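See structure below.
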Amino acid sequence: MAEQRVAVFAGGCFWSVEAHFDKMPGVIATVSGFSGGTVANPSYERVLAGDTGHLEAVEVTYDSAKVTYDQLLYAFWHFIDPTDGGGQFCDRGNQYETAIFYGNDAEKQAAETSKLGIVEELRKDIATKIIPALPFYAAEPYHQDFASKNPARYEAYRVGCGRDVAIRSVWGERAFAGLPPT
């Protein structure tokens with residue numbers, strides 16, 4: 001029986017994380033927002049300033065009968081640079097760090113196990129944090145579904161930021177593994 005579940009990931013710019021997860025069969029909805037900070041209902045401008053402790057994050061609602069949490073984790077690892085502790089690609093600062101926000105012990109164990117696999121696969125230290133789920137706050141409406149609503153602007157950002165090139169330099173042929181071919 002299908003069960004809707006929610007997972008939260010921080011992988012740099014939430015536009016890109018949302019766009020990647022939106023491609024996965026079984027993902028029902030994605031919401032760009034913020035998590036991990038100390039300020040309730042932060043604005044994008046406040047998070048961008050770097051003083052709230054929030055990371056740009058994406059809340060992923062998925063059908064667990066069609067996609068597993070482990071599959072979400074696998075795809076996530078392969079569309080970020082998990083070795084970069086200072087942000088992602090051209091987006092620098094603590095608000096662009098990577099993290100997996102776990103909601104229960106099973107998710108924590110799955111995230112930690114997957115991280116060990118990534119350490120083995122890359123043979124490098126991994127900067128991505130695995131932390132308890134904290135309140136998630138949706139970003140302003142103009143950030144939601146940005147890649148699909150503003151494809152030219154999103155493409156210019158993604159190319160200009162060097163995201164795809166950087167992901168391929170980390171992962172080689174395994175870049176974007178777990179996502180359907182484009």
Side-chain angles (χ1 to χ4, degrees), residues 4-24 27-62 69 72-73 75-104 107-108 111-112 115 125-167 170 179:
Q4 285 189 14
R5 296 191 182 170
V6 175
V8 177
F9 300 90
C13 172
F14 49 38
W15 295 344
S16 295
V17 176
E18 183 183 56
H20 291 312
F21 277 124
D22 280 342
K23 295 176 185 173
M24 289 190 75
V27 169
I28 298 165
T30 55
V31 178
S32 288
F34 317 106
S35 193
T38 58
V39 176
N41 297 308
S43 68
Y44 176 71
E45 290 75 21
R46 183 103 190 259
V47 171
L48 196 60
D51 67 348
T52 69
H54 288 91
L55 305 179
E56 284 198 13
V58 173
E59 182 182 70
V60 179
T61 302
Y62 64 101
Y69 186 69
L72 295 175
L73 288 167
F76 172 73
W77 288 117
H78 290 88
F79 64 69
I80 65 167
D81 177 354
T83 66
D84 188 345
Q88 289 288 283
F89 321 110
C90 68
D91 294 314
R92 310 310 303 162
N94 65 324
Q95 66 273 36
Y96 296 112
E97 292 175 0
T98 60
I100 299 165
F101 294 92
Y102 63 85
N104 56 47
E107 287 181 358
K108 179 181 181 184
E112 289 176 347
K115 184 175 181 177
D125 291 333
I126 301 302
T128 303
K129 298 172 187 155
I130 297 172
I131 53 182
L134 295 166
F136 177 87
Y137 303 99
E140 294 81 354
Y142 68 91
H143 287 296
Q144 305 306 324
D145 302 312
F146 190 86
S148 62
K149 290 178 182 175
N150 302 283
R153 192 164 159 217
Y154 174 68
E155 181 71 12
Y157 158 77
R158 204 180 86 240
V159 171
C161 195
R163 188 175 183 98
D164 292 3
V165 171
I167 290 169
V170 171
L179 294 174

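Because only heavy atoms are used, hydrogens play no part in the values below, and waters and symmetry mates are left out as well, while side chains stay in. Note that the coordinates shown come from a computational prediction; the quantities given were computed from them, not determined experimentally.
The backbone N or O of Ser32 sits less than 3.5 Å from a side-chain atom of Gln144, completing a donor-acceptor pair. Side-chain N or O atoms of His20 include none that pairs as donor or acceptor with a backbone N or O of Leu179 at under 3.5 Å.
For the pair Ile80/Arg163, a side-chain contact is recorded, criterion being any heavy-atom separation below 4.5 Å from C-beta on. Side chains of Thr61 and Thr30 form no contact here, defined as non-hydrogen atoms less than 4.5 Å apart. Side-chain atoms of Asp84 and Phe89, non-hydrogen and from C-beta on, never get closer than 4.5 Å to each other. Trp77 places a side-chain heavy atom less than 4.5 Å from the side chain of Ile100.
The NE2 atom of His54 lies 13.5 Å from the CG atom of Leu48; values are rounded to the nearest 0.5 Å. To the nearest 0.5 Å, atom OG1 of residue Thr128 and atom CG of residue Asp125 are 11.5 Å apart. A distance of 7.5 Å separates OG1 of Thr52 from CG of Asn94, quoted to the nearest 0.5 Å.
For Met24 against Ala75, the heavy-atom pair with the smallest separation is SD-CB, 3.7 Å. Between Ala133 and Phe101, the shortest heavy-atom contact is CA-CB, 4.0 Å. The two residues Gln4 and Ile28 have their closest heavy-atom pair at CG-CD1, 3.5 Å. Of all heavy-atom pairs between Thr98 and Gly12, the closest is CG2-N, 4.4 Å. When all heavy atoms of Asp164 and Arg158 are compared, the closest pair comes out as OD2-NH2, 2.8 Å. Across Glu59 and Val6, no two heavy atoms sit closer than the pair CG-CG1, 3.4 Å.
The ring pair (Phe, Tyr, Trp, His ring centres under 6.0 Å) test applied to Tyr157 returns Trp15, not counting sequence neighbours. Taking the ring pair (Phe, Tyr, Trp, His ring centres under 6.0 Å) definition, one finds that Phe76 meets it with Phe9, Phe79, sequence neighbours left out. Judged as a ring pair (Phe, Tyr, Trp, His ring centres under 6.0 Å), and not counting sequence neighbours, Tyr96 has no contacts.
By the 6.0 Å contact criterion, NZ on Lys115 is enclosed, its count of non-hydrogen atoms from other residues, nucleotides or ligands being greater than 12. Taking a 6.0 Å sphere around CZ of Arg92, one finds it holds more than 12 heavy atoms contributed by other residues, nucleotides or ligands.
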Legend entry - Stepwise side chain to side chain contact (heavy atoms under 4.5 Å, CB included) test for Ile130 and Glu107: CA-CA 10 Å; Ile130 297 172; Glu107 287 181 358; over 6 Å; no
Inset, instruction - Any chance you could lay out the side chain to side chain contact (heavy atoms under 4.5 Å, CB included) test for Glu140 and Glu45, step after step, and finish with the verdict? - result: CA-CA 10 Å; Glu140 294 81 354; Glu45 290 75 21; 4.1 Å; yes
Inset, instruction - Would you please test Tyr154 and Lys149 for side chain to side chain contact (heavy atoms under 4.5 Å, CB included) and show each step? - result: CA-CA 9 Å; Tyr154 174 68; Lys149 290 178 182 175; over 6 Å; no
Inset, instruction - Step by step, work out the side chain to side chain contact (heavy atoms under 4.5 Å, CB included) result for Val27 and Leu72. - result: CA-CA 9 Å; Val27 169; Leu72 295 175; 4.0 Å; yes
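Between Cys13 and Cys161, the SG-SG separation does not fall below 2.5 Å.
Only one option out of Tyr137, Phe34, Tyr44 pairs with His143 in a ring pair (Phe, Tyr, Trp, His ring centres under 6.0 Å); it is Tyr44.
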